[in-house]
A.B. asks: 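Quick one: the structure is below, questions incoming.
Quick note: residue numbers are just sequence positions, from 1. Every number for a ligand or one of its atoms is a count from 1 in the order of the listing.
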Amino acid sequence: MKITAAVVHERSGSFSVEELDLCDPREDELLVEVVASGMCATDLHGRDAYYPTKFPKVFGHEGAGIVRGVGSSVTEFKPGDHVVMAYPWCGECPNCKAHRQSYCLRAFDLKMNGTRTDGSTLHSKNGKPVYSAFFQQSSFGNFTIANERFAVKVRNDAPLENVCALACGGQTGAGAVLNVVKPKSGESFVVFGVGAVGLSGLMAARIAGCDPIIAVDLHEPRLALARELGATHTINHKEQSDVVSEIRNITGEGARFTLETSALPAVFREAVDCLLPGGTCVLLGSARKGTDVTFEMPVLQNGRTVRGVIQGDSVPKEFIPLLVDHIIGGRFPVEKMITFYPLADINRAAAESSAGKAIKPVLRMPR
Ligand SMILES: [Zn+2]
Ligand SMILES: [Zn+2]
(Lines give C-alpha, C1' and ligand atoms only; values in the text may rest on other atoms or scores of the structure.)
(Ligands and ions follow the chains in the order given, each with its own letter.)
Protein backbone atom coordinates (compact mmCIF):
# COMPACT_ATOMS: atom_id res chain seq x y z
CA MET A 1 0.00 0.00 0.00
CA LYS A 2 1.00 3.64 -0.44
CA ILE A 3 1.95 5.44 2.76
CA THR A 4 3.48 8.77 3.79
CA ALA A 5 6.72 8.51 5.75
CA ALA A 6 9.83 10.54 6.64
CA VAL A 7 12.94 9.24 4.86
CA VAL A 8 16.58 10.16 5.48
CA HIS A 9 18.57 9.71 2.26
CA GLU A 10 22.12 10.21 3.52
CA ARG A 11 24.13 10.55 6.72
CA SER A 12 23.01 13.68 8.64
CA GLY A 13 20.62 14.57 5.80
CA SER A 14 17.26 16.13 6.56
CA PHE A 15 14.07 14.11 6.86
CA SER A 16 12.10 14.07 3.62
CA VAL A 17 8.35 13.34 3.86
CA GLU A 18 7.48 11.18 0.85
CA GLU A 19 5.11 8.58 -0.53
CA LEU A 20 6.52 5.05 -0.08
CA ASP A 21 5.26 1.53 -0.62
CA LEU A 22 4.65 -0.58 2.48
CA CYS A 23 4.55 -4.38 2.23
CA ASP A 24 1.67 -6.53 3.51
CA PRO A 25 1.94 -8.02 7.01
CA ARG A 26 3.40 -11.52 7.22
CA GLU A 27 1.72 -14.23 9.27
CA ASP A 28 3.06 -12.97 12.61
CA GLU A 29 2.83 -9.25 11.80
CA LEU A 30 0.35 -6.41 12.21
CA LEU A 31 -0.49 -3.56 9.88
CA VAL A 32 -0.61 -0.56 12.19
CA GLU A 33 -2.07 2.85 11.36
CA VAL A 34 0.36 5.02 13.29
CA VAL A 35 -1.42 7.86 15.09
CA ALA A 36 1.67 9.41 16.67
CA SER A 37 5.31 8.68 17.32
CA GLY A 38 7.71 10.08 19.86
CA MET A 39 11.14 11.16 18.70
CA CYS A 40 14.04 9.99 20.84
CA ALA A 41 17.76 10.80 20.71
CA THR A 42 18.45 7.41 19.13
CA ASP A 43 16.48 8.43 16.02
CA LEU A 44 18.81 11.38 15.57
CA HIS A 45 21.88 9.25 16.35
CA GLY A 46 20.64 6.93 13.59
CA ARG A 47 20.15 9.83 11.17
CA ASP A 48 23.71 10.93 11.93
CA ALA A 49 25.03 7.35 11.62
CA TYR A 50 26.59 7.17 15.09
CA TYR A 51 26.25 3.44 14.45
CA PRO A 52 26.68 1.70 11.09
CA THR A 53 23.52 2.75 9.22
CA LYS A 54 22.29 2.05 5.70
CA PHE A 55 20.43 4.77 3.78
CA PRO A 56 17.80 5.64 2.65
CA LYS A 57 16.10 4.83 5.94
CA VAL A 58 12.89 5.43 7.88
CA PHE A 59 13.48 5.96 11.62
CA GLY A 60 11.05 6.14 14.54
CA HIS A 61 10.76 3.73 17.48
CA GLU A 62 8.08 5.18 19.75
CA GLY A 63 5.01 4.50 17.64
CA ALA A 64 1.43 4.13 18.83
CA GLY A 65 -1.57 3.44 16.66
CA ILE A 66 -4.46 1.24 15.69
CA VAL A 67 -4.24 -2.27 14.25
CA ARG A 68 -5.77 -2.30 10.74
CA GLY A 69 -4.74 -5.78 9.60
CA VAL A 70 -3.28 -8.98 11.10
CA GLY A 71 -1.27 -11.88 9.67
CA SER A 72 -2.74 -15.38 9.51
CA SER A 73 -1.15 -16.72 12.74
CA VAL A 74 -1.84 -13.66 14.92
CA THR A 75 -4.19 -14.44 17.81
CA GLU A 76 -3.38 -11.75 20.36
CA PHE A 77 -4.54 -8.79 18.24
CA LYS A 78 -7.47 -7.92 16.03
CA PRO A 79 -8.23 -4.93 13.82
CA GLY A 80 -9.24 -1.95 15.92
CA ASP A 81 -6.91 -2.76 18.84
CA HIS A 82 -4.83 0.14 20.12
CA VAL A 83 -1.13 -0.63 20.37
CA VAL A 84 2.20 0.80 21.46
CA MET A 85 5.21 -0.62 19.60
CA ALA A 86 8.07 -1.47 21.99
CA TYR A 87 11.68 -2.58 21.58
CA PRO A 88 12.53 -5.86 19.77
CA TRP A 89 14.30 -8.94 21.16
CA CYS A 90 15.21 -12.29 19.63
CA GLY A 91 13.59 -14.69 22.09
CA GLU A 92 16.38 -17.26 21.69
CA CYS A 93 19.58 -15.90 23.26
CA PRO A 94 20.54 -16.69 26.88
CA ASN A 95 19.21 -13.34 28.15
CA CYS A 96 15.88 -13.63 26.32
CA LYS A 97 15.49 -17.18 27.64
CA ALA A 98 16.18 -15.87 31.16
CA HIS A 99 13.33 -13.30 30.70
CA ARG A 100 15.86 -10.46 30.51
CA GLN A 101 14.91 -9.43 27.00
CA SER A 102 15.95 -5.79 27.35
CA TYR A 103 19.52 -7.17 27.33
CA CYS A 104 18.94 -9.37 24.25
CA LEU A 105 22.30 -10.27 22.73
CA ARG A 106 20.91 -9.62 19.24
CA ALA A 107 19.19 -6.35 20.14
CA PHE A 108 21.62 -4.15 18.24
CA ASP A 109 20.97 -5.87 14.91
CA LEU A 110 17.21 -6.02 15.49
CA LYS A 111 17.12 -2.30 16.30
CA MET A 112 19.64 -0.92 13.84
CA ASN A 113 20.04 -3.19 10.78
CA GLY A 114 17.15 -1.62 8.92
CA THR A 115 15.64 -4.96 7.95
CA ARG A 116 13.71 -7.90 9.32
CA THR A 117 15.93 -10.78 10.49
CA ASP A 118 15.83 -12.30 6.98
CA GLY A 119 17.18 -9.10 5.43
CA SER A 120 13.89 -7.92 3.89
CA THR A 121 12.71 -4.33 4.26
CA LEU A 122 9.20 -3.14 5.11
CA HIS A 123 9.32 -0.14 2.79
CA SER A 124 10.30 0.45 -0.82
CA LYS A 125 10.11 3.21 -3.40
CA ASN A 126 9.82 2.66 -7.16
CA GLY A 127 10.71 -0.98 -6.59
CA LYS A 128 13.93 -0.19 -4.69
CA PRO A 129 14.21 -1.11 -0.99
CA VAL A 130 14.10 1.60 1.67
CA TYR A 131 15.75 0.50 4.90
CA SER A 132 13.18 0.31 7.61
CA ALA A 133 12.26 -1.96 10.50
CA PHE A 134 14.19 0.48 12.73
CA PHE A 135 13.64 -1.14 16.16
CA GLN A 136 11.47 -3.47 14.01
CA GLN A 137 8.92 -0.69 13.54
CA SER A 138 10.06 2.51 11.68
CA SER A 139 7.20 4.55 13.11
CA PHE A 140 7.83 7.87 11.30
CA GLY A 141 5.00 7.25 8.84
CA ASN A 142 1.21 7.02 8.82
CA PHE A 143 1.25 3.21 8.50
CA THR A 144 3.82 0.57 9.37
CA ILE A 145 4.30 -3.13 10.01
CA ALA A 146 4.89 -4.35 13.58
CA ASN A 147 5.70 -7.85 14.79
CA GLU A 148 3.06 -9.10 17.24
CA ARG A 149 5.80 -10.04 19.71
CA PHE A 150 6.85 -6.41 20.25
CA ALA A 151 3.44 -4.76 20.02
CA VAL A 152 1.67 -4.00 23.28
CA LYS A 153 -2.11 -3.81 23.44
CA VAL A 154 -3.28 -0.78 25.44
CA ARG A 155 -6.70 0.36 26.66
CA ASN A 156 -8.82 1.82 23.87
CA ASP A 157 -9.36 4.94 26.00
CA ALA A 158 -5.59 5.51 26.22
CA PRO A 159 -4.55 8.77 24.53
CA LEU A 160 -2.31 7.34 21.78
CA GLU A 161 -0.53 10.61 21.10
CA ASN A 162 0.65 10.68 24.72
CA VAL A 163 1.24 7.00 25.44
CA CYS A 164 3.60 6.65 22.45
CA ALA A 165 6.21 8.36 24.64
CA LEU A 166 6.24 5.27 26.87
CA ALA A 167 7.64 3.01 24.13
CA CYS A 168 11.30 3.89 24.75
CA GLY A 169 12.08 6.95 26.91
CA GLY A 170 9.07 6.63 29.21
CA GLN A 171 9.58 3.01 30.15
CA THR A 172 13.35 3.51 30.37
CA GLY A 173 13.12 6.18 33.07
CA ALA A 174 10.08 4.80 34.88
CA GLY A 175 11.34 1.21 34.72
CA ALA A 176 14.70 2.13 36.23
CA VAL A 177 12.77 3.28 39.29
CA LEU A 178 9.77 0.94 39.52
CA ASN A 179 11.39 -2.26 38.16
CA VAL A 180 15.02 -1.89 39.24
CA VAL A 181 15.64 0.17 42.39
CA LYS A 182 12.05 -0.10 43.74
CA PRO A 183 12.31 2.67 46.33
CA LYS A 184 10.25 2.68 49.49
CA SER A 185 8.17 5.65 50.53
CA GLY A 186 10.33 8.36 52.08
CA GLU A 187 13.62 7.26 50.50
CA SER A 188 15.74 9.93 48.82
CA PHE A 189 16.04 10.14 45.03
CA VAL A 190 18.17 12.31 42.76
CA VAL A 191 17.94 12.53 38.98
CA PHE A 192 20.79 14.04 36.97
CA GLY A 193 19.40 15.45 33.73
CA VAL A 194 15.66 16.07 33.33
CA GLY A 195 15.05 15.32 29.69
CA ALA A 196 12.29 12.84 28.80
CA VAL A 197 14.04 9.86 30.44
CA GLY A 198 14.96 11.78 33.61
CA LEU A 199 11.46 13.25 34.00
CA SER A 200 9.92 9.80 33.50
CA GLY A 201 12.16 8.54 36.32
CA LEU A 202 11.16 11.51 38.44
CA MET A 203 7.42 10.91 37.92
CA ALA A 204 7.96 7.26 38.87
CA ALA A 205 9.87 8.29 42.01
CA ARG A 206 6.89 10.41 42.96
CA ILE A 207 4.55 7.45 42.43
CA ALA A 208 6.85 5.42 44.74
CA GLY A 209 6.63 8.16 47.38
CA CYS A 210 10.31 9.17 47.37
CA ASP A 211 11.20 12.17 49.51
CA PRO A 212 13.18 14.26 48.89
CA ILE A 213 13.15 14.16 45.07
CA ILE A 214 16.03 16.25 43.74
CA ALA A 215 16.46 17.22 40.07
CA VAL A 216 19.80 18.43 38.71
CA ASP A 217 20.04 20.09 35.28
CA LEU A 218 21.57 23.07 33.48
CA HIS A 219 18.34 24.54 32.11
CA GLU A 220 15.95 26.52 34.32
CA PRO A 221 12.79 25.78 32.25
CA ARG A 222 13.42 22.04 32.63
CA LEU A 223 13.97 22.45 36.39
CA ALA A 224 10.70 24.38 36.61
CA LEU A 225 8.93 21.48 34.88
CA ALA A 226 10.69 19.04 37.24
CA ARG A 227 9.23 20.95 40.20
CA GLU A 228 5.78 20.84 38.60
CA LEU A 229 6.13 17.06 38.17
CA GLY A 230 7.15 16.41 41.77
CA ALA A 231 10.73 17.51 42.47
CA THR A 232 10.95 18.79 46.03
CA HIS A 233 14.32 20.43 45.32
CA THR A 234 16.15 21.47 42.14
CA ILE A 235 19.82 22.26 41.60
CA ASN A 236 20.99 24.28 38.63
CA HIS A 237 24.38 22.80 37.79
CA LYS A 238 25.44 26.12 36.23
CA GLU A 239 24.98 27.97 39.50
CA GLN A 240 26.06 25.32 42.02
CA SER A 241 29.71 24.32 41.80
CA ASP A 242 29.57 21.61 44.49
CA VAL A 243 26.52 19.56 43.60
CA VAL A 244 27.55 16.61 45.80
CA SER A 245 27.71 18.80 48.94
CA GLU A 246 24.40 20.41 48.09
CA ILE A 247 22.77 16.97 47.78
CA ARG A 248 24.27 15.98 51.13
CA ASN A 249 22.86 19.19 52.64
CA ILE A 250 19.38 18.44 51.35
CA THR A 251 19.33 14.71 52.19
CA GLY A 252 21.26 14.90 55.46
CA GLU A 253 23.65 12.03 54.72
CA GLY A 254 23.47 11.34 50.99
CA ALA A 255 21.05 9.91 48.45
CA ARG A 256 19.61 6.39 48.53
CA PHE A 257 19.01 6.31 44.77
CA THR A 258 20.37 8.32 41.85
CA LEU A 259 19.64 8.20 38.11
CA GLU A 260 22.27 9.40 35.67
CA THR A 261 20.84 10.40 32.28
CA SER A 262 23.39 12.91 30.96
CA ALA A 263 26.04 10.41 29.77
CA LEU A 264 28.75 12.84 30.93
CA PRO A 265 31.51 11.13 32.95
CA ALA A 266 31.89 14.03 35.44
CA VAL A 267 28.14 14.00 36.15
CA PHE A 268 28.09 10.19 36.44
CA ARG A 269 30.79 10.48 39.09
CA GLU A 270 28.73 13.04 41.03
CA ALA A 271 25.75 10.66 40.87
CA VAL A 272 27.92 8.00 42.57
CA ASP A 273 29.76 10.27 45.01
CA CYS A 274 26.52 11.68 46.46
CA LEU A 275 25.17 8.21 47.38
CA LEU A 276 24.69 6.98 50.92
CA PRO A 277 26.75 3.89 51.75
CA GLY A 278 24.58 1.07 50.37
CA GLY A 279 22.92 3.40 47.85
CA THR A 280 22.42 2.67 44.16
CA CYS A 281 23.23 4.70 41.07
CA VAL A 282 21.56 3.67 37.81
CA LEU A 283 23.17 4.73 34.55
CA LEU A 284 20.68 5.47 31.77
CA GLY A 285 22.68 8.01 29.75
CA SER A 286 23.91 6.60 26.46
CA ALA A 287 27.60 7.42 25.96
CA ARG A 288 29.62 6.71 22.84
CA LYS A 289 31.98 3.76 22.73
CA GLY A 290 35.35 4.53 24.34
CA THR A 291 33.94 6.84 27.04
CA ASP A 292 35.65 6.12 30.38
CA VAL A 293 34.69 7.14 33.91
CA THR A 294 36.62 6.80 37.19
CA PHE A 295 35.39 6.24 40.77
CA GLU A 296 37.33 5.94 44.00
CA MET A 297 37.42 2.29 44.99
CA PRO A 298 36.54 2.93 48.68
CA VAL A 299 33.37 4.72 47.55
CA LEU A 300 32.14 1.59 45.79
CA GLN A 301 33.45 -0.77 48.47
CA ASN A 302 31.10 0.78 50.98
CA GLY A 303 28.09 -1.14 49.70
CA ARG A 304 27.26 1.17 46.85
CA THR A 305 25.90 -0.26 43.61
CA VAL A 306 26.46 1.20 40.17
CA ARG A 307 24.60 -0.43 37.31
CA GLY A 308 23.35 0.27 33.82
CA VAL A 309 19.77 -0.33 32.74
CA ILE A 310 18.30 -0.70 29.25
CA GLN A 311 14.60 -0.03 28.54
CA GLY A 312 13.89 0.04 32.28
CA ASP A 313 14.44 -3.75 32.61
CA SER A 314 10.85 -3.92 31.51
CA VAL A 315 8.71 -6.59 29.94
CA PRO A 316 6.72 -4.14 27.80
CA LYS A 317 3.53 -6.22 27.56
CA GLU A 318 3.33 -6.02 31.37
CA PHE A 319 4.88 -2.65 32.16
CA ILE A 320 3.44 -0.35 29.46
CA PRO A 321 -0.22 -1.12 30.36
CA LEU A 322 0.65 -0.33 34.00
CA LEU A 323 2.12 3.03 32.97
CA VAL A 324 -0.93 3.70 30.78
CA ASP A 325 -3.09 3.26 33.91
CA HIS A 326 -0.84 5.77 35.70
CA ILE A 327 -1.26 8.22 32.79
CA ILE A 328 -5.05 7.87 32.77
CA GLY A 329 -5.08 8.18 36.57
CA GLY A 330 -3.15 11.46 36.34
CA ARG A 331 -0.12 10.07 38.21
CA PHE A 332 2.22 10.06 35.22
CA PRO A 333 1.40 13.29 33.35
CA VAL A 334 3.62 12.53 30.37
CA GLU A 335 1.77 15.15 28.29
CA LYS A 336 3.49 17.93 30.24
CA MET A 337 6.83 17.09 28.64
CA ILE A 338 5.46 16.65 25.09
CA THR A 339 5.61 19.15 22.21
CA PHE A 340 3.48 18.11 19.22
CA TYR A 341 4.45 18.55 15.57
CA PRO A 342 2.81 17.40 12.34
CA LEU A 343 4.97 14.86 10.49
CA ALA A 344 5.57 17.55 7.85
CA ASP A 345 7.49 19.54 10.49
CA ILE A 346 9.77 16.67 11.49
CA ASN A 347 12.95 18.65 10.77
CA ARG A 348 11.79 21.43 13.09
CA ALA A 349 11.02 18.80 15.74
CA ALA A 350 14.55 17.40 15.39
CA ALA A 351 16.15 20.84 15.59
CA GLU A 352 14.11 21.89 18.63
CA SER A 353 14.90 18.57 20.32
CA SER A 354 18.64 18.98 19.72
CA ALA A 355 18.48 22.58 21.01
CA GLY A 356 16.78 21.42 24.22
CA LYS A 357 13.67 23.45 23.39
CA ALA A 358 11.42 20.39 23.05
CA ILE A 359 11.83 17.75 25.75
CA LYS A 360 9.79 15.03 24.05
CA PRO A 361 8.75 15.81 20.47
CA VAL A 362 5.74 13.80 19.33
CA LEU A 363 4.89 13.64 15.63
CA ARG A 364 1.24 13.47 14.63
CA MET A 365 0.82 11.43 11.46
CA PRO A 366 -1.25 12.54 8.47
CA ARG A 367 -4.62 10.70 8.36
ZN1 LIG B 1 17.71 -12.30 22.62
ZN1 LIG C 1 14.74 5.58 22.23
A.B. asks: The Zn ion (ligand 1) as vertex, arms to SG of Cys93 and SG of Cys104: angle to 10°?
C.D. replies: 120°
A.B. asks: Think Arg149 forms a cation-pi with Trp89, using NZ or CZ under 6.0 Å from the six-ring centre and within 45 degrees of its axis?
C.D. replies: yes
A.B. asks: Please note down the angle at the Zn ion (ligand 2) between SG of Cys40 and SG of Cys168, to the nearest 10°.
C.D. replies: 130°
A.B. asks: Is the distance between the ring centroids of Phe268 and Phe295 under 6.0 Å?
C.D. replies: yes
A.B. asks: Please confirm whether the ring centroid of His61 lies under 6.0 Å from the ring centroid of Phe134.
C.D. replies: yes
A.B. asks: Can you label the angle between the His45 ring and the Tyr50 ring as parallel, tilted or perpendicular, going by 30° and 60°?
C.D. replies: parallel
A.B. asks: In His61, the N, O or S atom nearest to the Zn ion (ligand 2) is which?
C.D. replies: NE2
